[in-house]
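Note sheet for the following structure.
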Amino acid sequence: MKQSQVRTRFAPSPTGFLHVGGLRTALYNYLFAKQNGGLFILRIEDTDRARLVEGAEQNILETLRIFGLDFDEGPIRQSDNLERYRQCAKELVAEGAAYGDNGAIRFRIIEDGATKFTDIIHGEIEIKNKTQEDFIILKSDGFPTYNLAHLVDDHDMAITHVIRGDEFISSMPKYIALHKAFGWELPQYAHLPLLLNKNRAKLSKREGDTAVKDFLDDGYLKEAILNFVALLGWHPSKSDREIFSLEDLIKAFKLEDVQKAGAIFDMTKLDWMNGEYIRRKSPRELLELAKPYSPTWVSDTQVGVGHHLDLEKIIALEQPRLKKLSELPGRTDYFFKEPEYDAVLLKWKQISDAEIKKSLETSKQILKSISDKNFGKENLEKIFLEKAGNLPAGKAGDRGELLWPLRVALTGKKASPGPFEIMEILGQKKAISRVESAISMLK
RNA sequence: GGCCCUAUCGUCUAGCCUGGUUAGGACACCACGCUUUCAAUGUGGGAACACGGGUUCGAAUCCCGUUGGGGCCA
């Protein structure tokens, strides 16, 4: 009848950078603990010395910190606890549940019958004991195996709910037998479906691009990654909601609503979600976030002191188009250097070179006639559209004939924001000189 | 190969427990509107209950089997 406080743990091996599957496991553990007023604990499972990767532990800690998955206890390292595992192994040998085998210690499996347990996500599971065999709990080098160490720690740390990947289900008879041998109470188990790659195979760190750090470096916002990962294998029942902050998730998440089947990690939706979060930022916030993506953004010196506002304007222009921050330099390069492009790009529909030239000359005339103070986008738009005869798109002599060559002259791109907004930022002098360059290309 | 898990649009999924829905949403895709282009945005569209048996007046939903996928062990 005891009502003990919920304690969950995330127990990664520092064998590589934290990947998206690990982040999800950590998140679910965190959410479950927090929504129950419990504690979330971090344990580093570093007993497999051969597979340790330098920097991995630090990356795991750093990544959890970035996502706000703050742990209440830890990090606890298994390598600090070796004596305890050895004692436990000896204890099992002493009572006959385990035996020595070439310097290692093996736990004895009784092959009769079946082991039954209840999983929070999967429900009742029954596994025949003869599918198991005696397994090593302490290696000859004196280090414990996962089978022993994780279980001793979960007990010592009073973990109430073990939330981990599906791949451990088939070993459950081992863990249950071990608990019995120790005379320990079983925690509750929730086995999460695996994250799969496009080929439907288990997502692995070796395939690359699954490290959370890579996504962060690529300009995915932490809110978007977290939200996206939360939705892989979980969805609120009877709700269509998709956008969740960490706080929202604590309220809405239900372990029982976690999917049983594996989910394919498909970045297409992540791209959309990242765009959603990008659009929710203010240009100022976005500017801060974008600074790492190009030397241009780092300091104002390259675009001239006092142009901070312009940078914000540039960001604001791209904000609705951006899927990830790393796209920014490529999309905005024409603000910082003269565009390079092929003259054929200036051609609007089927018009002749002479007509393009005439169009550009018209733009040049207009630009020269405007005073510097009236170079705002609204005014520019008004004047240009009047000149274009205010004909709607598609009509003979439509706006495109005037505006397309102008826009290309300014950007050198076949896709970009509109010319008026661009010119407002670029200023009259540069706008005119770019139109002139375009004209000279047609000679 | 043995064991275990699993199965709704291309993808993430709601619905399943407590049988009766035009099987809902989102991403992606397509079309249209807006528009100089690309986005953003609005409207609309195509798109799924793996298969076979039962039970039942009625099955995505309950039961059995098959097949597919995945995991663990070897």
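Below, chains carry the letters A, B, ... as their sequence lines are ordered, and counting in each starts from 1.
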Rounding to a whole Å, what distance do you find between A:Asn274:CG and B:rA28:P?
13 Å

Would you mind telling me which of B:rA39, B:rU13, B:rU36 lies closest to the side-chain atoms of A:Pro320?
B:rA39

Among B:rC27, B:rA39, B:rC3, which nucleotide has an atom closest to any side-chain atom of A:Lys128?
B:rC3

Out of A:Glu45, A:Gln78, A:Arg164, which one pairs with A:His150 under the side-chain hydrogen bond (donor to acceptor under 3.5 Å, both in side chains) rule?
A:Arg164

Please determine if A:Asp112 and A:Lys130 form a salt bridge, counting it only when a charged side-chain N lies under 4.0 Å from a carboxylate O.
no

d(CG, A:Asp119; P, B:rG71) in whole Å:
18 Å

Mind checking A:Ser237 for me? I need base, sugar-phosphate or nothing, with any heavy atom below 4.0 Å counting as a touch.
sugar-phosphate

Taking CD from A:Glu167 and C1' from B:rU6, how many angstroms apart are they, rounded to a whole number?
15 Å

When the C1' atoms of B:rU8 and B:rU13 are considered, how many whole Å apart are they?
9 Å

Do the side-chain N and O atoms of A:Asn36 and A:His161 include a donor-acceptor pair separated by under 3.5 angstrom?
no

If you find the nucleotide of RNA chain B closest to A:Trp234 and the one closest to A:Phe168, which residue's nucleotide is nearer the 5' end?
A:Trp234

Partner nucleotide, any strand, of B:rA7 [Watson-Crick/G-U, under 3.5 Å]
B:rU67

When the P atoms of B:rU61 and B:rA50 are compared, how many Å lie between them, rounded to an integer?
8 Å

Closest to the A:Ala415 side chain: B:rU11, B:rC3, B:rU37?
B:rU37

Pick the C1' atom in B:rG52 and in B:rG15, then give their distance to the nearest Å.
24 Å

So which nucleotide does B:rG44 pair with, by the Watson-Crick or G-U wobble rule with both distances under 3.5 Å?
B:rC30

Closer to the 5' end of RNA chain B via nearest nucleotide, is it A:His122 or A:Lys413?
A:His122

Take the angle between the ring planes of A:Trp184 and A:His155 and call it parallel below 30°, perpendicular above 60°, tilted in between.
parallel

How is A:Pro405 classified with respect to the nucleic acid when contacts are heavy atoms under 4.0 Å: base, sugar-phosphate, or nothing?
nothing

Once you apply the 3.5 Å cut-off to both distances, tell me the Watson-Crick or G-U wobble partner of B:rC17, or none.
none

Please give, in whole Å, the distance from B:rA7 C1' to A:Gln259 CD?
11 Å

What is the nucleic acid contact for A:Gln132, judged by heavy atoms within less than 4.0 Å: base, sugar-phosphate only, or nothing?
nothing

Without decimals, in angstroms, what is the distance between A:Lys260 NZ and B:rA7 P?
6 Å

Rounding to an integer number of angstrom, what distance separates B:rG19 and B:rU56 when you compare their C1' atoms?
9 Å

Considering the options A:Thr115, A:Ile137, A:Leu151, A:Asn147, which one meets the side-chain contact (heavy atoms from CB on, under 4.5 Å) requirement together with A:Lys174?
A:Asn147

Looking only at side-chain atoms of A:Glu133, point me to the closest of B:rU13, B:rA26, B:rA74.
B:rA74

Partner of B:rC62 under the Watson-Crick or G-U wobble criteria, both distances under 3.5 Å, comes out as B:rG54

Please give the distance between the P atoms of B:rC27 and B:rU43 as a whole number of Å.
12 Å

Nearest listed nucleotide, side chain of A:Arg321, among B:rA39, B:rA26, B:rU37:
B:rA39

Within the structure shown, what part of the strands sits under 4.0 Å from A:Glu318 by heavy-atom distance: base, sugar-phosphate, or nothing?
nothing

Check this for me: does any side-chain nitrogen of one of A:Arg43 and A:Asp153 sit under 4.0 Å from a carboxylate oxygen of the other?
yes

Just by distance, with hydrogens left out, do A:His191 and A:Asp119 show a side-chain donor and acceptor under 3.5 Å apart?
yes

P spacing across the pair B:rG58 / B:rU21, given as an integer number of angstrom
14 Å

Whole-Å distance between B:rU37 P and A:Arg399 CZ?
10 Å

At under 4.0 Å between heavy atoms, what does A:Pro417 touch on the DNA or RNA strands: base, sugar-phosphate, or nothing?
base

From the options B:rU36, B:rU11, B:rA26, select the nucleotide whose nearest atom is closest to the side chain of A:Ile264.
B:rU11

Could you walk me through whether A:Phe265 and A:Phe215 pass the ring-ring contact (aromatic ring centres under 6.0 Å, His included) check?
CA-CA 13 Å; A:Phe265 184 82; A:Phe215 288 98; 5.7 Å; yes

On a plain distance test, is the side chain of A:Lys269 in donor-acceptor contact with the base of B:rA26 below 3.5 Å?
yes

Nearest to side-chain heavy atoms of A:Ser170, which nucleotide of B:rG70, B:rU36, B:rG71:
B:rG71

In this structure, how many angstroms lie between the P atom of B:rC3 and the NZ atom of A:Lys174, rounded?
15 Å

Atom P, compared across B:rA28 and B:rC51: separation rounded to whole Å:
29 Å

Out of B:rU36, B:rA14, B:rA7, whichever nucleotide has its closest atom nearest the side chain of A:His235:
B:rA14

Heavy atoms under 4.0 Å, any strand shown: does A:Ile125 hit a base, just sugar-phosphate, or nothing?
sugar-phosphate

Nearest to the A:Arg279 side chain among B:rC4, B:rA40, B:rC12, which nucleotide is it?
B:rA40

Nearest-neighbour nucleotide for the A:Lys238 side chain, B:rC72, B:rC5, B:rG15 considered
B:rG15

For B:rC38, the Watson-Crick or wobble counterpart (both distances under 3.5 Å)
none

Do A:Glu242 and A:Lys269 meet the salt-bridge criterion of a basic N to acidic O distance under 4.0 Å?
yes

For B:rU36, does either OP1 or OP2 sit under 4.0 Å from a side-chain N or O belonging to A:Trp404?
no

Starting at NZ of A:Lys382 and ending at P of B:rU36, how long is that distance when rounded to a whole Å?
18 Å

Provide the distance between the two P atoms, one in B:rG65 and one in B:rC72, to the nearest whole Å.
26 Å

What does A:Gly418 touch in the nucleic acid at a heavy-atom separation under 4.0 angstrom: a base, only the sugar-phosphate, or nothing?
base

